[in-house]
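The structure appears right after this line, and notes come after that.
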Amino acid sequence: MSGEDKILDELAGKKYKYGFVTDIELDTIPKGLNEDTIRFISAKKKEPKFMLDWRLNAYRNWLKMKEPTWANIHYPPIDYQDIVYYAAPKQRTKLNNLDELAPEIKATYDKLGIPLEEQMVLAGVAVDAVMDSVSVATTYKDKLSELGIIFSSMSDAIKDHPELIEKYLGSVVPQGDNYFAALNSAVFSDGSFIYIPKGVRSPMELSTYFRINAAFTGQFERTLIVADEGSYVSYLEGCTAPIRDENQLHAAVVELVAHDNAEIKYSTVQNWYPGDKEGKGGIYNFVTKRGICAGVNSKISWTQVETGSSITWKYPSVILKGENAIGEFYSVAMTNNYQQADTGTKMIHLGKNTKSRIVSKGISAGHSNNSYRGLVRVTKSADNVKNFSQCDSLLMGDKCGAHTFPYFEIKNNTATVEHEATTSKIKDEILFYCNQRGIPEEDAVALIVNGYAKEILNNLPMEFAVEAQKLLAVSLEGSVG
Amino acid sequence: MANTTLEKNNFKENIIKEFKKFENHLNSSSLVALHDLRKDALKHFDTLGFPDRKDEEWKYTNTDLITKHDFHQDFSINTTSLYAKEIKKFFIPELDANIAVLVNGKYSDDLSNIKDDSNKIYISSFKEVRKKHSDIFNTHFAKYADYKTNSFTALNTAFACDSIFIYVPDGNKIKDPVIILNISDTKKPNTLLQPRNLIISGKDSSVTLIDLNYTVGNNHSLNNTVTEIFADKNSELNLYKIQSEGDKSFHIGTTQVHQEEYSKFNSATISWGGSITRNNLNSLLNGEGCECNFDGAFVLSGNQHVDNHTLVDHAVPNCQSNEFYKGILGDNSVGVFNGKIIVRKDAQKTNAYQSNKNILLTKTAAMNSKPQLEIFADDVRCSHGATTGQLNEDELFYLRTRGIDKKEARITLLFAFASEIIQKIKVEPLKNILFDMLHNKLKKGS
Amino acid sequence: MLTIKNLKANIENKEILKGINLQVNAGETYAIMGPNGSGKSTLASVLAGKEGYEVTSGEVIYEGENLLDLSPEDRARKGIFLAFQYPVEIPGVSITNFMKTSINEIRKYNGQEPMNAVDFLKLLKDKAALVELDTKMTKRFVNVGFSGGEKKRNEIFQLAMLDPKLSILDETDSGLDIDALKIVADGVNKLRNKSNAFIVITHYQRLLNYIVPDFVHVLHDGKIVRSGGKDLALHLEEYGYDWVKEENKKAVTS
């Protein structure tokens, strides 16, 4: 409740408040991409040879691939040679403790409201902070390692746990899966790696905060979470970037592996810079996220609140392989001004008695376009599958678009697949009712939209839910009247 | 559908070559304007080629399985070659109707029975059109079905010849339905037929059309039909399409409707015959106050494949559309439902509803459902629902506790499921034969 | 408190209110009765500021100010409350959250600090008890899945929470059984005091057995055609509206 108050209080200063630039010395390479770029990145990170080979292989694949055109998004061609593929804040390579973190970086995260000092930390959240290409700090590492939980930057994991990386990296999203995944596989710079050993429930939320700071820089992070038998982890991801006139590319890959009886809850609050009112600037967010419920009774749950980016292209998916596995997708996607979002999920049912649930809430305002695109596939071998999908769209104003593109491919007669979708606007009667109780239009809209998204927000851990509500209110700015 | 080793075919090249032959058969008095249109369509067909499955609109229907056959169109067909008694079984008992018969796409004067001579309705071949209503024909022909982007429409337009023109002048309400009996004579192998129909209902008029598709003979055939419908202000038009062709028949049917203010278009598309069937049904709601109802049922067995592909395009405010499709899939059959609703900018106060429900009877049947909403106006009410599942076990059990055996109980429930669509048809004698057909199909299938 | 002078209003160019005159004083309760289509609900909507109504002439003075110049939310903040005939559903927004937002908006307008959580919860509990509303209900989404009676009780609960100066009850009795009616009326009676006023709009007299009005006005064809004390309501109950209509017709034709 107190969170909801805060939102309304903070509605006054509604601008993209994460749009500042940190002035910090950078370790960077010139724009452009070729095999030498990849060798440079790999060498810089002191990677073992298998990693370099893996990257080069991905790069060669990528050269043969074409950018996808099927999504309902439009943008000028991206010049992949006009991007900086490595930029890192100059910093001692490895920190012994957080006090050694460059003060400018620490200040950046303070400003973002992300606590890096453990004593100040929100109760029970371990944070990995990634700025531009590299992880700058990981908190609570020691406490977690006592339980055998590995929570580290991807760069460290490649050096410290090469056997796990070699086994799992690319096992869910193969290098050649799609154009952006291939590019990421070639040039990914950092990200988070999590391994939860057998039978361990992570005692705290694990969180990565991604920050794009440098200009003309692409961010290509790679996240891998492996939950071994009977384990549980809840992971949160947040993203921001400075206000810049040019578009910046973000092409991440996230892979989740849940073994027998394991559960992974993955929550995202995506608030990359969305561009200005005229649609200038903003992040191109082309992300591949996929999890596999490899073991029996495993569960993967994606929750996302998407308010940022000028373009969003992402479909967090679950491959339901183990018997009785459960896949869930809860999404709120809000677009305003000239934002475009084409987002949804894929639930691929391979195993018997697998279940999936999809709840998507789209909100379009301004001149934006918001598309839900989702696939439910039931293969021949998957008996007694159950799926339920609910996709709602809310339109605000008559210059935006809301689109729903669900696909159902059912090859087993024991499946029960149900889908419902609605498109509507906020009714004048509801607004008047709120007005009559003294609530002005803009606040009433924020209230109603948060109510509309309630089912999704309830799935987020408390701290994130508050942030997500605020973000929705902020994103609504200028959409009323 | 997983036939990956397709033989290379020359169907496209051959059919383009045959255009010369076709020209020679055309009457020399052929309208210049129409023929220019044909040539333009052929050019577009050449550029477009046949769609493959990378084309989002053809994701679930593999046209290679059709176009691998080298089909030929018989331009010199003698329509009396079919004995009247051979097609008599396709007539609907106890129904007073005007019957227009097409054999392999060509209008047959001998077989048709146009009893209405009151000048309230004109039913004729394209040839006759030139004498009487060439202005109306020219205003509407090829204006709605887009041959520039759709290759099957382009192919049809290139060879458009002696099919049916129906015109209901303003204010005329036609009581007796018009049957378009669309016969594929497949006694010769690899027959291509390309019926091309133009139907105009004038202001304040009303008419009911029954489009029956049947096959005689037992060879492969491709029926590539295009029907254009113009429903003028305040007119009401019912179109019931029954697709009951043979096991070796391929059917690509495109119906493009253009609706003006306060017009009402009701359709039912019933498919239970054919090998691969694609029913394209599109309506452009171009005037305020329109109503558009698409209903459809498909009951499939064996290796049948039916793809219902619909588009309701709300271009203006204050219209409503309803779409309701139901499928029953047995054996190794595959069903596709692709339903798109577009609500254009400014098409406020639109009410659009869409539903697709399917029952899979076997482990080897499959259903692909793709309902889509594309909404660009805010003051609208749009929703869609889709379900795929099996027969309700509780209902089945309930019937069995009342002494009905399992097979009969299944048939009863499936019959009830599909008959909901047929029930909406307003022509009783047609409804009756459809119920019979449904019952027979279910009896055989389950 | 409120003076309505010769108020005329249209909906879609059709004149519904044809010259209403009404004086409302603090501490008093007014019943507005009339047959269907007489303009009762239109009057309520115009006073609350609903869009779609065009005021063609006349004025409404509320506490010395021209009411018709104010936005709906400002009218609410100045103490006008409309209990809706058909309260809307607001999915995902709990009654608690809704009321908190509402109260704090009104407080902000009056230059007060937001109410703290403890005080708010106390208020919520007290007022829920007053209208015999289970506090569990306040956790539910506004009117979502409520029965007709629950919706009306929720309106009176909100009235109690916001403590308005002028309350307009638009057909609050419609769709209520006798028990629900009593509870609603009890709630209203407890809230009546020297400094507030109520306008009770109703078709039937039965609500007025429980909320006893100081004045009764009969609305017919967009005009107040009869005024009197509570006895007028009883008379209407007995003889129906036809005699009013007849008399009015005579008055017009003569």
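First the proteins, then the strands, lettered A, B, ... as listed; each starts at 1. On a predicted model such as this, the values are computed, not experimentally measured, just so you know.
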*Would you say the side chain of Thr404(A) lies within less than 4.5 Å of the side chain of His384(B), judging by non-hydrogen atoms?*
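His384(B) reaches Thr404(A) side chain to side chain.
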*asked:* So Thr414(A) and Gln390(B), do their side chains get closer than 4.5 Å, heavy atoms only?
replied: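 Yes, close enough: below the 4.5 Å cut-off.
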Is it the case that more than 12 heavy atoms not belonging to [X] sit under 6.0 Å from its [atom1] atom?
{"X": "Lys349(B)", "atom1": "NZ", "value": "no"}
{"X": "Lys370(B)", "atom1": "NZ", "value": "yes"}
{"X": "Lys363(B)", "atom1": "NZ", "value": "yes"}
{"X": "Lys357(B)", "atom1": "NZ", "value": "no"}

Please give me the minimum heavy-atom distance between [X] and [Y], naming the atom from each residue.
{"X": "Leu395(A)", "Y": "Ala377(B)", "answer": "CD1-O, 3.1 Å"}
{"X": "Pro406(A)", "Y": "Pro371(B)", "answer": "CD-O, 2.6 Å"}
{"X": "Glu418(A)", "Y": "Thr387(B)", "answer": "CG-CG2, 3.6 Å"}
{"X": "Lys380(A)", "Y": "Thr364(B)", "answer": "NZ-O, 4.1 Å"}
{"X": "Asn413(A)", "Y": "Leu361(B)", "answer": "ND2-O, 3.3 Å"}
{"X": "Asp379(B)", "Y": "Lys425(A)", "answer": "OD1-CE, 3.4 Å"}

Answer with side chain, backbone, both or neither: which region of [X] has an atom nearer than 4.5 Å to a non-hydrogen atom of chain A?
{"X": "Ala365(B)", "answer": "backbone"}
{"X": "Gln354(B)", "answer": "neither"}
{"X": "Thr362(B)", "answer": "backbone"}
{"X": "Glu56(B)", "answer": "side chain"}
{"X": "Lys59(B)", "answer": "side chain"}

*If you count heavy-atom pairs under 4.5 Å between each of Arg377(A), Arg373(A), Gln390(A), Glu409(A) and chain B, which one has the most?*
Glu409(A)
_Top contributor to chain B interface from Leu394(A), Ile426(A), Val378(A), Asp383(A) [non-hydrogen pairs under 4.5 Å]_ = Asp383(A)
Region of [X] in contact with chain B, defined by heavy-atom distances below 4.5 Å:
{"X": "Asp392(A)", "answer": "neither"}
{"X": "Ala415(A)", "answer": "backbone"}
{"X": "Ser389(A)", "answer": "neither"}
{"X": "Asn369(A)", "answer": "side chain"}

So, taking the atom named [atom1] in [X] and the one named [atom2] in [Y], what distance separates them when rounded to the nearest 0.5 Å?
{"X": "Ser424(A)", "Y": "Ile375(B)", "atom1": "OG", "atom2": "CD1", "value": "10.0 Å"}
{"X": "Asn368(B)", "Y": "Lys411(A)", "atom1": "CG", "atom2": "NZ", "value": "5.5 Å"}
{"X": "Leu329(B)", "Y": "Ile410(A)", "atom1": "CG", "atom2": "CD1", "value": "11.5 Å"}
{"X": "Arg381(B)", "Y": "Lys427(A)", "atom1": "CZ", "atom2": "NZ", "value": "7.5 Å"}

_I need the residue from Val336(B), Val380(B), Asn356(B) with the largest number of non-hydrogen atom pairs under 4.5 Å to chain A._
Val380(B)
_Taking every non-hydrogen pair under 4.5 Å, which of Ala352(B), Gly389(B), Gly335(B), Ser369(B) racks up the most with chain A?_
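Heavy-atom pair counts peak at Ser369(B).
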*Do Asp378(B) and Lys399(A) sit within salt-bridge range, that is, some charged N less than 4.0 Å from a carboxylate O?*
no
